Amino acid sequence: MQPKKNIVHLPVYQPGKPIEDVKRELGLTEVIKLASNENPFGSSEKAKEAIVAELSNTSIYPDGASVALTADIAAKFGVGTDQIIFGAGSDEVILMLARAFLTTGDETIMADETFAQYKHNAEVENATIVEVPLKDGKHDLPAMLARVTDKTKIVWICNPNNPTGTIVHKDELEQFMSQVPQHVLVVLDEAYCEYIEDEQYPDGFEFLKRYKNMVLLRTFSKIYGLASLRIGFGVGHPEIIRYINQVREPFNTSRFGQAAAKAALADNEFVAYCREQNRRGIDYMTGEFERLGLSYFPAYGNFIMFDAKYPSAQIFDGLLRRGVISRARWSKYPTHVRITVGSQEQNEKFISALEQVLQELAVQV
(Lines give C-alpha, C1' and ligand atoms only; values in the text may rest on other atoms or scores of the structure.)
Protein backbone atom coordinates (compact mmCIF):
# COMPACT_ATOMS: atom_id res chain seq x y z
CA MET A 1 0.00 0.00 0.00
CA GLN A 2 1.24 3.46 -0.93
CA PRO A 3 0.24 6.65 0.94
CA LYS A 4 -0.59 9.94 -0.75
CA LYS A 5 2.49 11.24 -2.54
CA ASN A 6 2.48 14.55 -0.69
CA ILE A 7 2.87 12.96 2.76
CA VAL A 8 5.74 10.56 2.00
CA HIS A 9 8.43 13.02 3.07
CA LEU A 10 6.55 14.84 5.82
CA PRO A 11 8.34 14.95 9.18
CA VAL A 12 6.70 13.35 12.20
CA TYR A 13 5.98 15.78 15.04
CA GLN A 14 8.56 15.40 17.79
CA PRO A 15 7.18 16.15 21.26
CA GLY A 16 9.38 17.06 24.21
CA LYS A 17 11.54 14.15 25.33
CA PRO A 18 9.78 12.07 28.03
CA ILE A 19 11.20 12.20 31.55
CA GLU A 20 11.23 8.39 31.83
CA ASP A 21 13.36 8.05 28.66
CA VAL A 22 15.93 10.54 29.92
CA LYS A 23 16.23 8.80 33.29
CA ARG A 24 16.70 5.43 31.62
CA GLU A 25 19.11 6.59 28.91
CA LEU A 26 21.32 8.74 31.13
CA GLY A 27 20.98 6.90 34.42
CA LEU A 28 19.51 9.91 36.19
CA THR A 29 17.21 9.77 39.18
CA GLU A 30 15.94 13.34 39.00
CA VAL A 31 14.83 15.00 35.75
CA ILE A 32 12.73 18.13 35.18
CA LYS A 33 10.91 18.67 31.91
CA LEU A 34 10.79 22.28 30.75
CA ALA A 35 10.22 21.50 27.07
CA SER A 36 6.49 21.27 26.40
CA ASN A 37 5.09 24.33 28.16
CA GLU A 38 3.12 22.24 30.62
CA ASN A 39 1.79 23.74 33.84
CA PRO A 40 4.31 23.00 36.64
CA PHE A 41 1.56 23.50 39.22
CA GLY A 42 -0.62 20.70 37.90
CA SER A 43 -4.35 21.22 37.56
CA SER A 44 -7.25 22.45 39.64
CA GLU A 45 -8.32 20.25 42.55
CA LYS A 46 -11.86 20.75 41.28
CA ALA A 47 -10.82 19.26 37.94
CA LYS A 48 -9.29 16.26 39.68
CA GLU A 49 -12.49 15.71 41.63
CA ALA A 50 -14.48 15.86 38.39
CA ILE A 51 -12.23 13.20 36.84
CA VAL A 52 -12.73 10.87 39.81
CA ALA A 53 -16.50 11.37 39.61
CA GLU A 54 -16.43 10.20 35.99
CA LEU A 55 -14.70 6.88 36.74
CA SER A 56 -18.02 5.09 37.10
CA ASN A 57 -18.93 6.18 33.55
CA THR A 58 -15.82 4.81 31.86
CA SER A 59 -17.84 2.31 29.80
CA ILE A 60 -20.16 5.00 28.41
CA TYR A 61 -19.38 7.04 25.28
CA PRO A 62 -18.89 10.76 25.88
CA ASP A 63 -21.30 13.40 24.68
CA GLY A 64 -20.11 13.95 21.12
CA ALA A 65 -21.42 17.51 21.11
CA SER A 66 -19.99 18.40 24.56
CA VAL A 67 -23.28 20.11 25.38
CA ALA A 68 -22.64 20.94 29.05
CA LEU A 69 -19.12 22.26 28.46
CA THR A 70 -20.29 24.18 25.39
CA ALA A 71 -22.93 25.94 27.47
CA ASP A 72 -20.38 26.98 30.10
CA ILE A 73 -17.93 28.34 27.53
CA ALA A 74 -20.70 30.20 25.69
CA ALA A 75 -21.78 31.82 28.95
CA LYS A 76 -18.25 32.69 30.05
CA PHE A 77 -17.23 34.35 26.79
CA GLY A 78 -20.54 35.71 25.56
CA VAL A 79 -20.86 33.67 22.38
CA GLY A 80 -23.51 31.35 20.97
CA THR A 81 -23.41 27.61 21.56
CA ASP A 82 -23.37 27.19 17.77
CA GLN A 83 -20.06 29.06 17.63
CA ILE A 84 -17.99 26.47 19.51
CA ILE A 85 -16.28 23.25 18.45
CA PHE A 86 -14.10 20.92 20.51
CA GLY A 87 -11.07 18.88 19.61
CA ALA A 88 -8.54 16.55 21.20
CA GLY A 89 -6.45 19.57 22.03
CA SER A 90 -6.55 22.73 19.92
CA ASP A 91 -4.18 20.94 17.53
CA GLU A 92 -7.05 18.68 16.44
CA VAL A 93 -9.11 21.79 15.69
CA ILE A 94 -6.18 22.91 13.50
CA LEU A 95 -6.35 19.54 11.72
CA MET A 96 -10.10 19.95 11.19
CA LEU A 97 -9.69 23.49 9.87
CA ALA A 98 -7.15 22.29 7.32
CA ARG A 99 -9.36 19.35 6.37
CA ALA A 100 -12.44 21.53 5.95
CA PHE A 101 -10.94 24.46 4.08
CA LEU A 102 -7.71 23.46 2.32
CA THR A 103 -7.13 21.41 -0.79
CA THR A 104 -4.70 21.21 -3.70
CA GLY A 105 -4.15 24.64 -5.23
CA ASP A 106 -5.19 26.58 -2.12
CA GLU A 107 -2.67 28.83 -0.39
CA THR A 108 -2.21 29.26 3.35
CA ILE A 109 -0.05 31.89 5.04
CA MET A 110 1.90 31.55 8.28
CA ALA A 111 5.08 32.78 9.95
CA ASP A 112 8.30 31.01 9.04
CA GLU A 113 8.93 30.01 12.67
CA THR A 114 5.69 29.22 14.45
CA PHE A 115 3.64 26.29 15.74
CA ALA A 116 4.55 23.41 13.43
CA GLN A 117 1.05 21.93 13.17
CA TYR A 118 -0.21 24.71 10.90
CA LYS A 119 2.27 23.76 8.21
CA HIS A 120 2.04 20.04 8.82
CA ASN A 121 -1.72 19.84 8.40
CA ALA A 122 -1.70 22.15 5.38
CA GLU A 123 0.89 19.89 3.75
CA VAL A 124 -1.26 16.83 4.42
CA GLU A 125 -4.05 18.55 2.45
CA ASN A 126 -1.55 19.37 -0.32
CA ALA A 127 -2.07 23.12 0.04
CA THR A 128 0.61 25.64 -0.97
CA ILE A 129 2.51 26.92 2.07
CA VAL A 130 3.42 30.63 2.13
CA GLU A 131 5.86 31.37 4.96
CA VAL A 132 6.52 34.97 5.94
CA PRO A 133 9.65 35.72 8.01
CA LEU A 134 9.18 36.84 11.58
CA LYS A 135 10.36 40.37 12.31
CA ASP A 136 12.26 40.59 15.59
CA GLY A 137 10.53 37.37 16.59
CA LYS A 138 7.05 38.79 15.87
CA HIS A 139 4.49 38.13 13.16
CA ASP A 140 4.97 40.65 10.37
CA LEU A 141 1.30 41.27 9.64
CA PRO A 142 1.81 43.86 6.86
CA ALA A 143 4.11 41.41 5.05
CA MET A 144 1.59 38.60 5.57
CA LEU A 145 -1.20 40.80 4.20
CA ALA A 146 0.91 41.57 1.14
CA ARG A 147 1.13 37.84 0.35
CA VAL A 148 -2.65 37.33 0.28
CA THR A 149 -4.02 36.35 -3.15
CA ASP A 150 -7.30 35.08 -4.56
CA LYS A 151 -6.04 31.58 -3.73
CA THR A 152 -5.42 32.30 -0.04
CA LYS A 153 -7.77 30.34 2.20
CA ILE A 154 -6.28 30.56 5.73
CA VAL A 155 -3.87 32.86 7.55
CA TRP A 156 -2.51 31.49 10.83
CA ILE A 157 -1.56 33.89 13.66
CA CYS A 158 -0.11 32.36 16.81
CA ASN A 159 -0.54 34.89 19.61
CA PRO A 160 1.64 34.66 21.62
CA ASN A 161 3.82 33.01 19.04
CA ASN A 162 5.28 29.60 19.75
CA PRO A 163 8.33 29.35 19.99
CA THR A 164 9.37 33.01 20.27
CA GLY A 165 6.71 34.05 22.80
CA THR A 166 6.08 37.47 21.26
CA ILE A 167 2.62 38.97 20.81
CA VAL A 168 0.69 40.80 18.13
CA HIS A 169 -0.73 44.00 19.59
CA LYS A 170 -4.43 44.82 19.27
CA ASP A 171 -3.83 47.85 17.03
CA GLU A 172 -1.69 45.70 14.71
CA LEU A 173 -4.38 43.03 14.57
CA GLU A 174 -7.08 45.65 13.96
CA GLN A 175 -5.19 47.11 11.02
CA PHE A 176 -4.67 43.65 9.57
CA MET A 177 -8.26 42.45 10.00
CA SER A 178 -9.69 45.65 8.52
CA GLN A 179 -7.79 44.98 5.29
CA VAL A 180 -7.75 41.22 4.86
CA PRO A 181 -10.32 40.05 2.25
CA GLN A 182 -13.48 38.37 3.54
CA HIS A 183 -12.74 35.16 1.63
CA VAL A 184 -9.67 34.61 3.83
CA LEU A 185 -10.14 32.80 7.15
CA VAL A 186 -7.90 34.20 9.90
CA VAL A 187 -7.10 31.68 12.64
CA LEU A 188 -5.98 33.36 15.85
CA ASP A 189 -4.34 30.78 18.09
CA GLU A 190 -4.53 31.95 21.70
CA ALA A 191 -3.25 28.84 23.49
CA TYR A 192 -1.40 30.89 26.13
CA CYS A 193 -3.72 33.89 26.41
CA GLU A 194 -4.72 33.25 30.03
CA TYR A 195 -1.18 34.08 31.13
CA ILE A 196 -1.21 37.56 29.60
CA GLU A 197 -1.98 40.78 31.45
CA ASP A 198 -0.52 43.25 28.94
CA GLU A 199 -3.06 45.89 27.88
CA GLN A 200 -1.78 45.78 24.31
CA TYR A 201 -2.82 42.14 23.96
CA PRO A 202 -6.00 41.89 21.85
CA ASP A 203 -9.26 40.48 23.14
CA GLY A 204 -9.97 37.85 20.50
CA PHE A 205 -13.64 37.67 21.41
CA GLU A 206 -14.08 41.39 20.74
CA PHE A 207 -12.59 40.89 17.28
CA LEU A 208 -14.82 37.87 16.74
CA LYS A 209 -17.91 40.05 17.17
CA ARG A 210 -16.86 42.23 14.25
CA TYR A 211 -15.10 39.84 11.90
CA LYS A 212 -16.97 36.78 10.66
CA ASN A 213 -13.84 35.45 8.93
CA MET A 214 -11.99 34.79 12.21
CA VAL A 215 -11.66 31.63 14.29
CA LEU A 216 -10.16 31.64 17.79
CA LEU A 217 -8.30 28.64 19.19
CA ARG A 218 -8.11 27.95 22.92
CA THR A 219 -6.84 24.99 24.93
CA PHE A 220 -7.12 23.43 28.37
CA SER A 221 -3.57 22.04 28.06
CA LYS A 222 -1.66 25.06 29.30
CA ILE A 223 -2.74 27.20 32.27
CA TYR A 224 -5.56 24.76 33.11
CA GLY A 225 -3.07 21.89 33.34
CA LEU A 226 -5.12 19.27 31.48
CA ALA A 227 -2.61 18.42 28.76
CA SER A 228 -2.95 14.64 29.14
CA LEU A 229 -6.73 14.80 28.68
CA ARG A 230 -6.41 16.40 25.22
CA ILE A 231 -9.16 18.96 25.05
CA GLY A 232 -9.25 22.33 23.31
CA PHE A 233 -11.77 24.35 21.35
CA GLY A 234 -12.36 26.72 18.49
CA VAL A 235 -14.80 29.64 18.35
CA GLY A 236 -16.08 31.28 15.19
CA HIS A 237 -19.05 32.25 13.08
CA PRO A 238 -21.78 29.54 13.19
CA GLU A 239 -21.43 28.77 9.48
CA ILE A 240 -17.68 28.23 9.79
CA ILE A 241 -18.14 26.02 12.85
CA ARG A 242 -20.75 23.98 10.96
CA TYR A 243 -18.25 23.32 8.17
CA ILE A 244 -15.61 22.21 10.69
CA ASN A 245 -18.13 19.98 12.44
CA GLN A 246 -18.74 18.17 9.17
CA VAL A 247 -15.19 16.76 9.28
CA ARG A 248 -15.06 16.16 13.04
CA GLU A 249 -14.78 12.57 14.20
CA PRO A 250 -17.56 11.41 16.56
CA PHE A 251 -16.69 11.24 20.27
CA ASN A 252 -13.38 13.06 19.66
CA THR A 253 -13.14 14.26 23.27
CA SER A 254 -13.44 12.06 26.35
CA ARG A 255 -15.87 12.15 29.27
CA PHE A 256 -12.89 12.82 31.55
CA GLY A 257 -11.68 15.70 29.42
CA GLN A 258 -15.10 17.33 29.25
CA ALA A 259 -15.77 16.96 32.97
CA ALA A 260 -12.33 18.22 33.98
CA ALA A 261 -12.48 21.15 31.57
CA LYS A 262 -15.90 22.16 32.89
CA ALA A 263 -14.58 22.20 36.46
CA ALA A 264 -11.30 23.90 35.52
CA LEU A 265 -13.10 26.66 33.63
CA ALA A 266 -14.89 27.66 36.82
CA ASP A 267 -11.80 27.66 39.07
CA ASN A 268 -10.69 31.27 38.63
CA GLU A 269 -8.61 31.15 41.80
CA PHE A 270 -6.34 28.40 40.42
CA VAL A 271 -5.89 30.25 37.12
CA ALA A 272 -5.00 33.48 38.92
CA TYR A 273 -2.47 31.63 41.10
CA CYS A 274 -0.77 30.07 38.08
CA ARG A 275 -0.68 33.39 36.26
CA GLU A 276 0.98 35.11 39.23
CA GLN A 277 3.54 32.33 39.75
CA ASN A 278 4.34 32.38 36.04
CA ARG A 279 4.92 36.13 36.12
CA ARG A 280 7.32 35.71 39.04
CA GLY A 281 9.08 32.93 37.17
CA ILE A 282 9.52 35.12 34.09
CA ASP A 283 10.93 37.94 36.23
CA TYR A 284 13.41 35.56 37.86
CA MET A 285 14.56 33.87 34.66
CA THR A 286 14.89 37.01 32.57
CA GLY A 287 16.85 38.59 35.40
CA GLU A 288 19.20 35.60 35.38
CA PHE A 289 19.57 35.75 31.58
CA GLU A 290 20.59 39.40 31.88
CA ARG A 291 23.10 38.50 34.59
CA LEU A 292 24.55 35.88 32.25
CA GLY A 293 24.64 38.33 29.34
CA LEU A 294 22.05 36.40 27.31
CA SER A 295 19.38 38.08 25.21
CA TYR A 296 15.83 36.81 25.00
CA PHE A 297 12.51 37.55 23.34
CA PRO A 298 9.86 39.28 25.48
CA ALA A 299 7.92 36.52 27.22
CA TYR A 300 4.13 36.61 27.46
CA GLY A 301 3.16 32.95 27.76
CA ASN A 302 4.67 30.35 30.08
CA PHE A 303 7.94 29.96 28.18
CA ILE A 304 10.96 32.03 27.19
CA MET A 305 13.12 31.78 24.09
CA PHE A 306 16.68 32.94 24.73
CA ASP A 307 19.90 33.16 22.77
CA ALA A 308 22.49 30.87 24.36
CA LYS A 309 25.23 32.07 21.94
CA TYR A 310 26.20 28.48 21.18
CA PRO A 311 24.54 25.96 18.84
CA SER A 312 21.25 25.08 20.52
CA ALA A 313 21.87 21.34 20.08
CA GLN A 314 24.92 21.65 22.33
CA ILE A 315 22.93 23.54 24.96
CA PHE A 316 20.13 20.97 24.77
CA ASP A 317 22.53 18.05 25.20
CA GLY A 318 24.39 19.74 28.03
CA LEU A 319 21.19 20.50 29.91
CA LEU A 320 19.89 16.99 29.28
CA ARG A 321 22.98 15.44 30.90
CA ARG A 322 22.20 17.54 33.95
CA GLY A 323 18.58 16.42 34.10
CA VAL A 324 16.86 19.36 32.40
CA ILE A 325 14.78 18.77 29.26
CA SER A 326 14.54 21.87 27.07
CA ARG A 327 13.48 22.58 23.48
CA ALA A 328 16.01 23.46 20.80
CA ARG A 329 17.04 23.14 17.13
CA TRP A 330 15.07 25.98 15.54
CA SER A 331 16.09 26.49 11.90
CA LYS A 332 15.68 30.28 11.99
CA TYR A 333 17.28 30.59 15.43
CA PRO A 334 20.18 28.10 15.57
CA THR A 335 21.54 29.36 18.89
CA HIS A 336 18.20 29.83 20.65
CA VAL A 337 16.60 27.55 23.23
CA ARG A 338 12.98 27.59 24.40
CA ILE A 339 12.45 26.88 28.08
CA THR A 340 9.18 26.47 29.95
CA VAL A 341 8.73 28.61 33.06
CA GLY A 342 8.61 26.09 35.88
CA SER A 343 8.24 26.31 39.63
CA GLN A 344 10.83 28.43 41.41
CA GLU A 345 12.76 25.29 42.38
CA GLN A 346 12.76 24.06 38.78
CA ASN A 347 13.78 27.47 37.46
CA GLU A 348 16.73 27.63 39.83
CA LYS A 349 17.86 24.14 38.86
CA PHE A 350 17.65 25.10 35.20
CA ILE A 351 19.71 28.27 35.67
CA SER A 352 22.34 26.35 37.65
CA ALA A 353 22.54 23.70 34.91
CA LEU A 354 22.69 26.37 32.18
CA GLU A 355 25.60 28.12 33.89
CA GLN A 356 27.50 24.85 34.05
CA VAL A 357 26.84 24.14 30.37
CA LEU A 358 27.93 27.61 29.29
CA GLN A 359 31.11 27.36 31.35
CA GLU A 360 31.85 23.94 29.86
CA LEU A 361 31.39 25.22 26.30
CA ALA A 362 33.46 28.34 26.96
CA VAL A 363 36.41 26.16 27.99
CA GLN A 364 36.11 24.13 24.79
CA VAL A 365 36.32 27.19 22.52
Side-chain angles (χ1 to χ4, degrees), residues 62-102 108 110 115 117-118 121 153-162 167-168 170 173-174 176-177 180 182-196 201-224 226 229-249 252-253 257-258 260-266 268 271 301:
D63 172 12
S66 305
V67 172
L69 180 57
T70 296
D72 283 4
I73 288 177
K76 184 178 180 71
F77 297 110
V79 297
T81 56
D82 58 353
Q83 291 184 259
I84 301 166
I85 188 166
F86 289 92
S90 57
D91 44 358
E92 192 195 18
V93 184
I94 293 168
L95 180 152
M96 292 188 286
L97 280 161
R99 181 178 293 176
F101 291 100
L102 297 177
T108 181
M110 64 198 70
F115 187 45
Q117 292 306 95
Y118 311 145
N121 284 291
K153 284 289 191 69
I154 301 179
V155 176
W156 309 87
I157 301 174
C158 190
N159 199 34
N161 186 46
N162 181 6
I167 62 170
V168 168
K170 56 186 175 184
L173 185 61
E174 179 63 53
F176 176 81
M177 290 302 302
V180 72
Q182 287 297 301
H183 76 271
V184 176
L185 181 63
V186 178
V187 179
L188 188 64
D189 189 343
E190 300 181 317
Y192 302 92
C193 66
E194 293 89 358
Y195 285 106
I196 302 174
Y201 187 72
D203 181 344
F205 284 96
E206 286 299 317
F207 278 83
L208 200 64
K209 294 176 183 177
R210 294 183 288 118
Y211 296 104
K212 295 181 179 179
N213 60 327
M214 174 178 278
V215 169
L216 305 182
L217 300 182
R218 295 286 183 96
T219 184
F220 286 94
S221 296
K222 302 307 178 183
I223 204 167
Y224 293 107
L226 303 179
L229 296 181
R230 310 308 303 126
I231 186 161
F233 62 100
V235 188
H237 187 271
E239 184 179 24
I240 293 174
I241 297 303
R242 181 171 62 82
Y243 291 146
I244 303 171
N245 246 322
Q246 289 175 316
V247 300
R248 181 179 64 83
E249 297 295 332
N252 63 324
T253 59
Q258 291 177 29
K262 194 173 186 300
L265 192 69
N268 296 322
V271 171

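These numbers come from a predicted model, not from an experiment. Numbering starts at 1 and runs along the sequence shown.
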Can you tell me how far apart [atom1] ([X]) and [atom2] ([Y]) are? Round to the nearest 0.5 Å.
X	Y	atom1	atom2	value
Glu249	Glu92	CD	CD	7.5 Å
Leu95	Asn121	CG	CG	4.5 Å
Leu208	Met177	CG	CE	9.0 Å
Ile94	Cys158	CD1	SG	8.0 Å
Asp189	Met110	CG	CE	12.0 Å
Thr219	Tyr192	OG1	OH	8.5 Å

Can you name the closest pair of heavy atoms from [X] and [Y] and give their distance?
X	Y	value
Met214	Gly204	SD-O, 4.2 Å
Thr70	Ala65	OG1-O, 3.4 Å
Asn252	Phe86	ND2-O, 3.0 Å
Arg230	Ser221	NH1-OG, 3.1 Å
Ala74	Ile84	N-CD1, 3.7 Å
Val235	Phe205	CG1-CE2, 4.0 Å

(message) Per the salt bridge (charged side-chain N to carboxylate O under 4.0 Å, His left out) rule, what does the pair list look like for residues 72-83, sequence neighbours excluded?
(response) Asp72-Lys262

Looking at [X] and [Y], would you say the former's side chain and the latter's main chain have a donor-acceptor pair under 3.5 Å?
X	Y	answer
Thr81	Ala71	no
Tyr118	Ile157	no
Asn162	Phe115	no
Gln258	Asp63	yes
Glu190	Leu217	no

(message) Test side chain to side chain contact (heavy atoms under 4.5 Å, CB included) on Phe220 and Thr253; report intermediate values, then the result.
(response) CA-CA 12 Å; Phe220 286 94; Thr253 59; over 6 Å; no

Less than 4.5 Å apart, side chain to side chain, heavy atoms only: is that true for [X] and [Y]?
X	Y	value
Val180	Tyr211	no
Phe176	Val186	yes
Arg210	Glu174	yes
Tyr224	Leu229	no

(request) Could you walk me through whether Leu188 and Phe207 pass side chain to side chain contact (heavy atoms under 4.5 Å, CB included), step by step? (result) CA-CA 10 Å; Leu188 188 64; Phe207 278 83; 5.8 Å; no

Extract all donor-acceptor atom pairs below 3.5 Å that involve side chains of residues 239-247 and protein atoms in other chains or at least two apart in sequence.
unit_1	atom_1	unit_2	atom_2	d
Glu239	OE2	Tyr243	OH	2.9
Asn245	OD1	Arg248	NE	2.8

(message) Looking at Phe101, I'd like to know if the NZ or CZ of Arg99 sits under 6.0 Å from its six-membered ring centre while staying within 45 degrees of the ring's axis.
(response)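 Checked: cation-pi criterion not met.
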
